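Only one structure is covered here, and it is reproduced in the block below.
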Amino acid sequence: MNALRWSIRWRSLRHRTAQTILAIAAIASAVALPVVLLSVGGGVYSHELSSIEEVGFSISVDSAASHGISEAHSLSAQIDRISGVAAASPILSVPVDLFTPGGHVVPVLAEGVIPAAFMATQSAAERALLPSSINLGDPDDSVHYANGTYAGISSAQLLLSTPLLQTLNVSTGAVVGLSPSSNASAGTVFTIEGSFGLPPGILGPSPLFVALLPLSQLQSLVGLAHAPTGALLDSVDSIQVAMAPALAADPAAVQRAATAIRALVPYYSVTSLTQQTTEIQNAQAVITGFYVGLSSIGLIVGLLFLVIILLRRVEQERQSIGIRRAIGVPGWMVARGIVAEALGLTAAGVLAGVAGGVTTVELFARYGSGTVSDIASLAVFNPIELGLLAAALVALALLASALPVRRALRLSLPEVLR
Amino acid sequence: MSAPAAATIRLEEVRRLYHSGEPDEVRALDGVDLTIAPGEYLSVEGPSGSGKTTLLNLLGLLDVPSEGRVLWQGAPVEGLPERERTRLRRTGIGFIFQRFYLLPTLTALENVELPLQARGAPGPERRHRAEALLAQVGLSDRARSFPHQLSGGEEQRVAIARALANSPQLLLADEPTGELDSVRAQQVLDLLEEAHRTSGAAVVVVTHNRTVAARANRHLTMSDGRIVSDSAGR
């Protein structure tokens, strides 16, 4: 493009500063909204997906009721025998009170696990947060459980999360008490075997104060070993199932194992993470479509504003256009000037909108409160999405310039030059 | 009827009606026959509303007749698409307006470059030609000035340079001194005469001013949309 054309356009923009700023601001606002929505929405979903992909298990068995999976040891053993399954880890999570020798009482989340099975269902990243091996005095949780008798020797060992250990200011080897109520005498005394780090939560903070102890120990402690009638409960919240490493990435193998588990316990919810991933991806597609639909309203408003601005400019510059047409400037050159102006305003609006959107998300991440900050910090700015957005805006700018171009080329020269 | 090949432009029985067929119909031109030969210098006089500007618009291919024919160098132009009429204006016709009509956002030099750019002339050639034309009208030192920084006489001289940029065969001037004092008017008329002499273009000047008309070698007088007299001589 030559210097003369540039100078015509630049000075035209400069002479209409207020309109130029308004047009850019309108387009920028229309662009900033989808930038914020798509980046934050996409970021949250990406984070959820990566969190799912990072866990070491492939199938989760749950009950709708609280602690509704009964006979967990036996069921886990049956699941273990299904082809392709590497380990089945029953987990019970219950809030309890922890008593220190110094007399402090701290509420903690107690997680009852079968140590060996639990380790086998952890991903490499999760294992890195744990001690190299978890013993807890009874790696298979078989001594104390003993086929539902709960009569064996209690291991009475536990692991505490690092933040909890630091807060209590105690070290490995120290003794603490756990009780389902504020009555310390109703509890059991445990020896601290070691500590573990906590994985980041999907959204919001993870519980910081966590104790990991043998499943049967926790079941006995909180009354989920036997019913008051003496009948076997052996209850847990969920059973996490890990596939053999060679099959973990094979959706068909995971699906086959899930089907086999479902046949065992058709009254429980059996969810494969592949299925969860698909559901999240579908949900993401729906939400993204919703965001795009919502954003398109803003884009249409921006487009209408651009049309109005360009029409107004044609009206204001009708004499200049008439002079140029009279001295022989071809119609396509006049049209090109209007289209270039539309594209210039749009490009500036897109740049300002993207910058505004990114800045808004950054500000939310840095200064937003709680969840707002957590969600904003997950935002992902996808260059393909931003590119598509810019392309859509360019297409809209071309569309927006059609009417002003038509108006400019239909000016009556004798009337304009009268 | 075919026009003589020598004619730059010819109008045959041209009528220009506004609000045609309505009670307030206006006959701006009513059966005008006019042939303009290369190198002629015409003045067009007449009272306001006599059809002078309408005639100029038709000669400049800015407007189309309601009836009759306009022939540019022997070829009829009615029925030509706007794109083609624009090309003829660009290559064959120069305009000088009473109110100068320079583009306010361009410098004097850029205003003169504009018709050259429209023709597709390369940048250096365009710049060189525009500078030469500004030198011809005595405005080399004002090349970088914007129209609002120029006097009326200077603006009209820039407009003359712009009109001459593409070496037109027909130069149309609508009251070219109408907004100038007598001294500057004389300067502009001298320039116009010099341009006529050096370029060989036919010149048509619409004016109310006898002094301006006196420079021409053919004089038309219009009244009520008709040419009521057509005489030669200074």
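Only a predicted model underlies this, so the values are computations on that prediction, with no experimental measurement involved. Chain naming here is simple, since letters A, B, ... match the order of the sequence lines and numbering starts at 1 in each.
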* To do: Let me know if B/R162 has heavy atoms under 4.5 Å from chain A in its side chain, its backbone, both or neither.
  =>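 Only the side chain of B/R162 comes within 4.5 Å of chain A.
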* **Part of B/Q98 lying under 4.5 Å from any heavy atom of chain A** =>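 When you check distances to chain A, no heavy atom of B/Q98 falls under 4.5 Å.
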Quick one: closest heavy-atom pair of [X] and [Y], and the distance?
X: A/Q319; Y: B/Y101; result: NE2-CE2, 3.2 Å
X: B/R99; Y: A/R418; result: NH2-O, 2.8 Å
X: A/V329; Y: B/A118; result: CA-CB, 3.7 Å

Measure distances from [X] to the heavy atoms of chain B and classify the residue's part below 4.5 Å as side chain, backbone, both or neither.
X: A/L409; result: neither
X: A/V416; result: backbone
X: A/I323; result: side chain

* Which residue out of A/G331, A/A326, A/S412 racks up the most heavy-atom pairs below 4.5 Å with chain B? -> A/A326
* Asked: Would you say the side chain of A/M333 lies within less than 4.5 Å of the side chain of B/T86, judging by non-hydrogen atoms?
  -> no
* Asked: Got a sec: does the OH of B/Y18 have more than 12 other heavy atoms crowding it under 6.0 Å?
  ->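 Count over threshold, so yes.
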* A/Y45 OH: over 12 foreign heavy atoms closer than 6.0 Å ->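 Yes.
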